[in-house]
Every structure is written in structure tokens, then in C-alpha cells.
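A, B, ... follow the sequence lines: proteins, then strands. Residue 1 opens every chain.
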Amino acid sequence: MPELPEVETVKRVLKNKLSGLVIKNIKLNYAKTIEYPLSEIFIKNIINQKINDVKRRGKWLIFDLDDYYLLSHLRMEGKYNFKSNGDLENKHEHVIFYLSDNTELRYQDTRKFGRMHLINKADLDTYSKLLELGYEPWDDQLTVKYLKDKYKNKKLAVKSVVLDQSIIVGIGNIYADEILFLSHINPLKSANLLTDKELTSIIVNTKDVLTKAIALGGTTIRTFSAGDNHGNFQDQLLVHGKEKQACLVCGDIIKKIKVGGRGTYYCPTCQK
DNA sequence: GTGACCACCTGGCCGC
DNA sequence: TGCGGCCAGGTGGTCA
């Protein structure tokens with residue numbers, strides 16, 4: 001399940017392999033992957049566009065083409081595979097880009113949740129999907145004052161609020177558990193009751209956890225991969241997926257509960 | 001404005 | 001062995 005570190009890892013691989021290549025043709029096996037514009041227009045416009053760069057904003061990949069930006073969200077299980085011409089297609093490869101070096105970039109998504117948008121270059125700064133996003137974890141404007149203001153009316157559990165992409169981008173279910181564990185915050189605590197010290201911890205640990213995860217290539221859980229790379233951060237996880245195991249800090253047993261419909265792992269002693 | 005709930009999807013797992 | 005039901009979770013839409 002790609003979160004910011006996984007998307008950043010994918011971005012680096014794609015940028016390295018795709019820069020300068022031209023999309024010569026495209027095959028769409030699952031039309032709903034294209035959310036905007038209509039798939040016919042999407043195909044017509046993207047053919048013969050050169051890939052100049054690949055960027056990231058939150059969990060969105062942004063392909064910088066000649067006349068357009070291709071936005072790609074991997075959602076739960078989306079990933080990109082590099083294949084040679086003629087390689088057998090698997091049934092989960094929904095979009096195939098035929099490239100000018102006679103290779104293929106294939107978008108694979110087992111659960112078909114991922115979506116793509118092709119927008120005019122002039123629209124990037126005002127496009128709603130990106131406009132609604134909050135600050136990147138390393139943005140200088142991500143401060144205690146900012147979080148306090150955003151959280152002041154949020155009675156929701158902090159676990160649910162840190163997943164809110166309109167406040168801080170890139171945190172998903174796995175890293176939310178890790179960040180709250182390192183911050184010694186109970187995931188059920190109301191966001192509007194967090195102290196300045198706790199907000200500071202969230203900011204610091206968000207940066208630390210995501211930075212380490214990127215350095216290790218993300219977290220490989222079930223299906224994430226980026227080209228030939230598999231993440232190694234899963235070895236560093238302290239609570240996520242550790243139900244009924246001993247907490248590495250205090251020895252208490254890690255619990256699993258549901259918060260906002262999400263599976264949530266925490267240590268009852270470290271996160272009172 | 002806020003929060004709860006549901007839909008989108010498929011594969012893996014579990015119990016029967 | 002086969003079947004049905006549940007679970008996983010990021011995001012958007014709807015409704016109270």
C-alpha cells in the first residue's frame with residue numbers, strides 16, 4: 001500500500017528510467033483507471049508526448065510531459081513495471097505505455113483503485129486534486145501553530161486526523177501507527193486535545209519516520225514494489241502488524257484496534 | 001463544517 | 001476440496 005516513501009521511491013526509479021523517452025502508443029485494458037479526461041481524449045492527447053521529468057506531490061506521481069501533466073495515484077496496490085515488447089501481459093496490467101526505446105511501462109493494479117488524470121500544464125497549480133493537499137512533511141510551514149489551528153475543531157481520534165491529506169500529505173495507515181508510537185500518543189486521543197509537546201512530536205517523528213523509510217526504499221507489505229526494488233523499512237516497524245507481540249520499548253503486548261475503520265496497532269503502556 | 005458510513009475492488013485467509 | 005464470508009485500506013461521495 002504505497003504511502004509517501006513508496007511513492008517517492010517509485011518516482012526516483014521512473015525518473016531515472018523514463019526521462020527523455022516518448023510515449024509512442026498506449027493500451028488501456030481497464031478504462032476506469034482514467035478518471036480525467038474521457039479515455040478517448042486521454043489516449044489521443046498522450047500519444048507522442050515526451051516524458052521530461054517525474055515529480056511527486058503527496059502520494060501523487062506527476063509525469064511532466066511536453067504539453068500536459070499526467071497525474072497518477074497508486075492508491076492501494078498500484079505499481080509500475082518495466083517490460084520488453086512482447087512480454088506476456090498479466091491480467092492486472094491495466095495501462096500499457098509503449099515507449100520510444102521499444103520498451104513498455106505497464107501500470108499494474110490488482111484492486112483497480114488507482115487513478116490517472118491528464119491535465120493541461122497551465123492547470124497544475126489550480127487542479128483540485130493537488131490544491132486540496134496539505135503541506136509536505138519537510139515543509140517549513142508545517143509548524144505547531146499550523147497543526148494547532150487545523151486540529152482545533154477536530155474531535156476525531158488523532159489517528160484519523162494524521163491520515164488527513166489536506167493537513168499533512170503522505171502519511172498512510174502504516175506510518176501513522178509508527179509516528180504515534182514514537183510520539184507516545186494514544187491513537188484514540190481527540191486531535192483537539194493534543195498539547196504543544198505532542199504536536200511537536202508528531203511533526204518531528206513524521207519527518208524522521210518518512211526520511212528513514214525513503215532511505216530504505218519504503219515498506220514492502222504484500223504488494224508494493226518499484227521496478228526491481230523492494231522496500232526494507234518493514235524491518236524497522238515498531239508496532240504496525242505486531243499484534244500480540246512484545247513492545248520493544250516496555251515489553252507490554254501490542255494491541256490492535258479499529259480507529260475510523262482502520263486497523264490500528266499501539267502499545268497500551270507507551271501510548272497512554 | 002464535521003463526522004459517520006459506504007462504495008470502489010480483488011486476493012488471501014479462515015471456518016465450516 | 002470447495003464454498004462463503006470477512007478483512008485489508010486510500011479516497012471520494014453522500015447524508016445527518
query: Taking NZ from A:K79 and C1' from B:dT10, how many angstroms apart are they, rounded to a whole number?
result: 14 Å
Give every pair of a protein N or O atom and an N or O atom of nucleotides 2-4 of chain B that lie under 3.5 Å apart, one pair per line with the distance.
unit_1, atom_1, unit_2, atom_2, d
B:dG3, OP1, A:K155, N, 2.7
B:dG3, OP1, A:L156, N, 3.3

message: Using whole Å, what does the distance between atom P of nucleotide C:dG9 and atom OH of A:Y265 come to?
response: 6 Å
- request: Can you label the angle between the A:H92 ring and the A:H94 ring as parallel, tilted or perpendicular, going by 30° and 60°?
  value: perpendicular
- request: Anything under 30° is parallel, anything over 60° is perpendicular, the rest tilted; go ahead and classify A:Y135 against A:Y146.
  value: tilted
- request: Check side-chain contact (heavy atoms from CB on, under 4.5 Å) between A:K15 and all other residues, then give those that pass, not counting sequence neighbours.
  value: A:S19, A:D53, A:V54
- line: With sequence neighbours left out, the residues meeting side chain to side chain donor-acceptor pair (under 3.5 Å) with A:D123 are none
Side chain to side chain donor-acceptor pair (under 3.5 Å) partners of A:Y127, counting only residues at least two apart: A:H117
Restricting to nitrogen or oxygen on both sides, can you table the protein-nucleotides 5-9 of chain B pairs closer than 3.5 Å?
unit_1, atom_1, unit_2, atom_2, d
B:dC9, OP1, A:Y30, OH, 2.6
B:dC9, OP1, A:K32, NZ, 2.3
B:dC9, OP2, A:K32, NZ, 3.3
B:dC9, O5', A:Y30, OH, 3.4
B:dC9, O2, A:R111, NE, 3.1

field: With sequence neighbours excluded, residues passing side-chain contact (heavy atoms from CB on, under 4.5 Å) with A:K155
entry: A:N192
- prompt: Which nucleotide in the list C:dA8, C:dG10, C:dT11 gets nearest to the side chain of A:K256?
  reply: C:dA8
task: Would you mind reading off the distance between A:K129 atom NZ and C:dG10 atom C1', rounded to a whole angstrom?
output: 12 Å
statement: With sequence neighbours left out, the residues meeting side-chain contact (heavy atoms from CB on, under 4.5 Å) with A:I254 are A:V239, A:K242, A:C247, A:Y265, A:C267
Contact list for DNA chain B against residues 88-97 of chain A - heavy-atom distance below 4.0 Å: A:K91, A:H92
message: How bent is the helix from B:dT2-C:dA16 to B:dC16-C:dG2, measuring the angle between the end axes built from five pairs each, rounded to 10°?
response: 50°
query: By side chain to side chain donor-acceptor pair (under 3.5 Å), which residues pair with A:K27, not counting sequence neighbours?
result: A:E89
Would you mind writing out the side-chain donor-acceptor pairs for residues 38-51 of chain A within the sub-3.5 Å range, not counting sequence neighbours?
unit_1, atom_1, unit_2, atom_2, d
A:Q49, OE1, A:D66, N, 3.1
A:Q49, OE1, A:D67, N, 2.7
A:Q49, NE2, A:D67, OD2, 2.9

statement: Cluster membership besides A:Y266, Ile/Leu/Val/Met/Phe/Trp/Tyr side chains within less than 4.5 angstrom, sorted by chain and number, is A:L188, A:I257, A:V259
